[in-house]
Structures are given as C-alpha cells and as structure tokens.
Chemist: 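Structure below; questions to follow.
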Amino acid sequence: MRVAAGHPPRTMRNTISLPSNRYQLLNWTTRTLIHLLALAGAAAFLVPFLWMISTSLKPMEKIFQYPPQWMPDPILWRNYIEALTVMPFGLYFRNSIYVTVLSVVGQILSSAVVAYGFARLRFPGRNILFIILLATMMLPWQVTMIPLFILYRSLDWINTYYPLIVPNFLGGSPFFIFLLRQFFLTLPLELDEAAKLDGCGPFRILWQILLPLAVPGLTTVAIFSFLWNWNEFLWPLIVLNDVDKWTIPLGLNGFRDQYGTDWNHLMAASFVASLPVIIIFFIFQGYFIQGIATTGAKG
C-alpha cells in the first residue's frame, strides 16, 4: 500500500488523535467540576444573604413560619424606613465613617512604613524582630483587652474615639505589615539602587517609587481594614459609653432587648449597613485579587 508523501497512514492518524481527544475530555470534565464546586460555594455564601433580604421584607409573624417562605407576601418596604428612623442611624453611619476612614488611613501609612523597613532596610536583629512580630499574630486579642482598657482609662481616652483610631497610626496590624512586606519583596532591588544614585533617601524611595507600584497590596490592606473596622463590635462597646457616639454595629445591637429581637428591622438595617462593604469590594476587586495573588510570591 502506497502512502502519500508527507501524510501519515490513516491508522497512525487515528492513534495520534485518541490521546488528544482523551486529554480534551479530561480537561473539559475538570473545568466543569471546578465550576460546579465554585457555584456550590457561591450558593452556600449567598443563601444567608438572600435570607437576610427576605426577612427584612416580611412582617414579624411570618419570619419563623414553617415551611420557610423565601418570597415575602406581602412585601413590606416600610421595614427599611422604620429600621432607619427608630434609632438615629444617620448619626451612627457618620460615626462609623469617621472612625473607619481614619483607621484605614492609619493602617495603610503605618503598615507601609514598617513593612518597608523589614523588606528593604538592613539592620541588626531584623529577622528576630520580624519573627516576634509574626508571633504576636498568635496572641488572642482578648488577652490584651483588659490591659489596653486600663491604659486608655489612665490616659482619659474612654468614651472617645482615640482608642479606635490612634493605635492604627502606631504600627498598624501585624497581618498588614506581613502582607505589605511580602509585596515589597516582589519589587526589584534595582529600583532602590537607581533611586539612591539619584540622591533619594529611604522615605523618598518609599513614597515616590515603591508605594505607586504597591497599589494592589495597599488596596488589599484598605479593603481588609475597612471591613474589620466597619464591623468591629466588641472594642467600641467597651470604650464608648454615650449613645450618640455609637457606631453601626452598636446601633444594630439596639434592636435586641431582654424581651426579644426585632428581626425584620434588624435585617433591614443590617442589609443597609453591609452595602458600603459590598460596593467597595466590587469597585476594587481587581486590585484586591491582584494583591492577594502577588503577595507571598517571594519569601
């Protein structure tokens, strides 16, 4: 049997195509399973959120009925108006924005400076200090809660916003310092050396060269810091006494009393309180994902 020049026999072509087809089928099956798992995980996270919205639109007597009713009937939009007017939530939003914005700024500035020192500067005991810093992440916050309260009481800072804001400007969080240090390590040292040849000092290198390149890492820190400070409940509950200084989490706790919980109004106010976090995440999710993906690329 003669075979045309440049073309393998038919049986050989079939043999070559079989592994390729099997690989494509395996690849398609793997992608399908990954997407199904991702959809299942997304559904698991969305169910409580959707239930919160459903509860916020129901009358009180239908919240715990069985079987559960996902679509409220009737839909009570007035629950949102009542939830936001029964207590001064406009004041609570303003307090939360004030505390959260200043805390985020303090976390970014202080964490960036400390992380720059650990990532780019050479000094005796640097690695030991960094290990001690990481060790503090294993210490539960509740262990330091009472000593911090005693310290701030001696400074006459109780019932003020200073305990919520000032510590963020004095070193930030160990987790944020670790995250930004790992991000700075991914940037080439040649940038620092070139800047030094042009007469730049350490702080000028940080502010004018490294920070503009570290926008994804800084955005990640800002999102985490905003989320933590916006939702913080226990520490503001301890240091704030006046109702007019409450933040959003403390205001939400006002829907609970010794006789029960006003669930529909609580869910309505909780949904409104969660909107800023959701909006900020969707606006900056590209930077957030890039910051998480590049952090830790170099140790």
Chemist: I'd like to know whether CZ of F203 has more than 12 heavy-atom contacts from other residues, nucleotides or ligands below 6.0 angstrom.
Modeler: no

Chemist: Heavy-atom count check: over 12 atoms from other residues, nucleotides or ligands less than 6.0 Å from F169 CZ?
Modeler: yes

Chemist: Please name all residues satisfying ring pair (Phe, Tyr, Trp, His ring centres under 6.0 Å) with W70, sequence neighbours left out, ordered by chain then number.
Modeler: W51

Chemist: Flag yes if L129 and M138 sit in one hydrophobic cluster, no otherwise; membership is Ile, Leu, Val, Met, Phe, Trp, Tyr, and two members link when side-chain heavy atoms are under 4.5 Å apart.
Modeler: no

Chemist: Tell me, with the steps shown, if F224 and Q107 meet side-chain contact (heavy atoms from CB on, under 4.5 Å).
Modeler: CA-CA 10 Å; F224 275 125; Q107 290 278 10; over 6 Å; no

Chemist: Could you tell me if Y80 and S56 have a donor-acceptor pair between their side chains, going purely by distance under 3.5 Å?
Modeler: yes

Chemist: Donor-acceptor pair, distance only, cut-off 3.5 Å: does the side chain of R120 make one with the backbone of D192?
Modeler: no

Chemist: Hey, is CH2 on W157 packed in by over 12 heavy atoms from elsewhere, all under 6.0 Å?
Modeler: yes

Chemist: Mark yes or no for whether N168, through its side chain, and L164, through its backbone, hold a donor-acceptor pair below 3.5 Å.
Modeler: yes

Chemist: Pair N27, R31 - check side-chain contact (heavy atoms from CB on, under 4.5 Å), show working.
Modeler: CA-CA 6 Å; N27 191 24; R31 291 201 308 268; 2.8 Å; yes

Chemist: Tell me, do I278 and F271 make a side-chain contact under 4.5 Å, heavy atoms counted?
Modeler: no

Chemist: List the steps, then state whether ring-ring contact (aromatic ring centres under 6.0 Å, His included) holds for W207 with Y116.
Modeler: CA-CA 10 Å; W207 298 119; Y116 171 76; 9.1 Å; no

Chemist: Which pair of non-hydrogen atoms, one from G217 and one from L179, has the smallest distance, and what is that distance?
Modeler: O-CD2, 4.0 Å

Chemist: Counting only heavy atoms not in F233, do more than 12 fall under 6.0 Å of its CZ?
Modeler: yes

Chemist: For A83 versus A269, what's the shortest heavy-atom pair and its separation?
Modeler: CB-N, 4.2 Å

Chemist: Looking only at atom types and distance, does a side-chain atom of T186 sit under 3.5 Å from a main-chain N or O of F183, one as donor and one as acceptor?
Modeler: yes

Chemist: Step through the shown structure and confirm whether more than 12 heavy atoms of other residues, nucleotides or ligands are within 6.0 Å of CG on L139.
Modeler: yes

Chemist: May I ask you to test the S274-M52 pair for a side-chain heavy-atom distance under 4.5 Å?
Modeler: yes

Chemist: Please answer whether the main-chain N or O of K58 pairs with a side-chain N or O of N79 as donor and acceptor at a distance below 3.5 Å.
Modeler: yes

Chemist: With clusters defined by side-chain heavy atoms of hydrophobic residues (ILVMFWY) lying less than 4.5 Å apart, directly or transitively, does F282 cluster with I279?
Modeler: yes

Chemist: Who passes ring pair (Phe, Tyr, Trp, His ring centres under 6.0 Å) against F149, sequence neighbours left out?
Modeler: none

Chemist: Out of curiosity, S54 OG to N264 CG, how far, rounded to the nearest 0.5 Å?
Modeler: 11.0 Å

Chemist: Check this for me: W141, atom CH2, are more than 12 non-hydrogen atoms of other residues, nucleotides or ligands nearer than 6.0 Å?
Modeler: yes

Chemist: I need the minimum non-hydrogen distance between A112 and L218, along with the two atoms involved.
Modeler: CB-CD2, 4.4 Å

Chemist: Do the side chains of L57 and I75 get nearer than 4.5 Å, heavy atoms only?
Modeler: yes

Chemist: Over all heavy atoms of both residues, which pair between P167 and Y152 is shortest? Give the atoms and the distance, please.
Modeler: CG-OH, 3.1 Å

Chemist: Between N241 and N159 (side chain of the first, backbone of the second, donor and acceptor by atom type, cut-off under 3.5 Å), is there such a pair?
Modeler: no

Chemist: Check whether F118 forms a cation-pi arrangement with R126 (NZ or CZ under 6.0 Å from the six-membered ring centre, at most 45° off the ring normal).
Modeler: no

Chemist: M145, V239: one ILVMFWY side-chain cluster at the under-4.5 Å cut-off?
Modeler: yes

Chemist: Can you see which heavy atom on P276 is nearest to which on V272, and at what distance?
Modeler: CD-O, 3.4 Å

Chemist: With a 4.5 Å cut-off on side-chain heavy atoms, are P212 and I209 touching?
Modeler: no

Chemist: Looking only at atom types and distance, does a side-chain atom of E232 sit under 3.5 Å from a main-chain N or O of W235, one as donor and one as acceptor?
Modeler: yes

Chemist: Can you check whether F89 and Y92 have ring centres sitting under 6.0 Å from each other?
Modeler: yes

Chemist: Quick check on the hydrophobic clustering: are V47 and W263 connected, directly or via other members, by side-chain heavy-atom contacts under 4.5 Å?
Modeler: no

Chemist: Quick check against the 3.5 Å criterion: does T144 have a side-chain atom that pairs as donor or acceptor with the backbone of P140?
Modeler: no

Chemist: Can I238 be reached from Y162 by stepping across I, L, V, M, F, W or Y side chains whose heavy atoms are under 4.5 Å apart?
Modeler: yes

Chemist: Spell out, as yes or no, whether a donor-acceptor pair under 3.5 Å connects the side chain of Y161 to the backbone of K245.
Modeler: yes

Chemist: Between T247 and Y98, is the side-chain contact (heavy atoms from CB on, under 4.5 Å) condition met? List the steps.
Modeler: CA-CA 9 Å; T247 56; Y98 174 75; over 6 Å; no

Chemist: For the residue pair L252 and S270, establish whether any side-chain heavy-atom pair is separated by less than 4.5 Å.
Modeler: yes

Chemist: Are any side-chain N or O atoms of E82 and backbone N or O atoms of H265, one a donor and one an acceptor, separated by less than 3.5 Å?
Modeler: no

Chemist: Rounded to the nearest 0.5 Å, what separates atom CZ in R153 from atom CG in L148?
Modeler: 13.0 Å

Chemist: Output the distance between atom CD1 (I108) and atom OG (S103), rounded to the nearest 0.5 Å.
Modeler: 11.0 Å

Chemist: If you look at every heavy atom in A119 and R122, which pair is closest and at what distance?
Modeler: O-NH1, 3.7 Å

Chemist: Out of curiosity, L197 CG to E190 CD, how far, rounded to the nearest 0.5 Å?
Modeler: 11.5 Å

Chemist: Run the numbers on I150 and S154 for side-chain contact (heavy atoms from CB on, under 4.5 Å), then give the verdict.
Modeler: CA-CA 6 Å; I150 296 174; S154 63; 5.7 Å; no

Chemist: Are more than 12 heavy atoms, taken from residues, nucleotides or ligands other than D242, located less than 6.0 Å from that residue's CG atom?
Modeler: yes

Chemist: Look at the side chain of W230 and the backbone N and O of A273, then say whether any donor-acceptor pair between them is shorter than 3.5 Å.
Modeler: yes

Chemist: Around atom CG of L170, are there more than 12 heavy atoms from other residues, nucleotides or ligands closer than 6.0 Å?
Modeler: yes

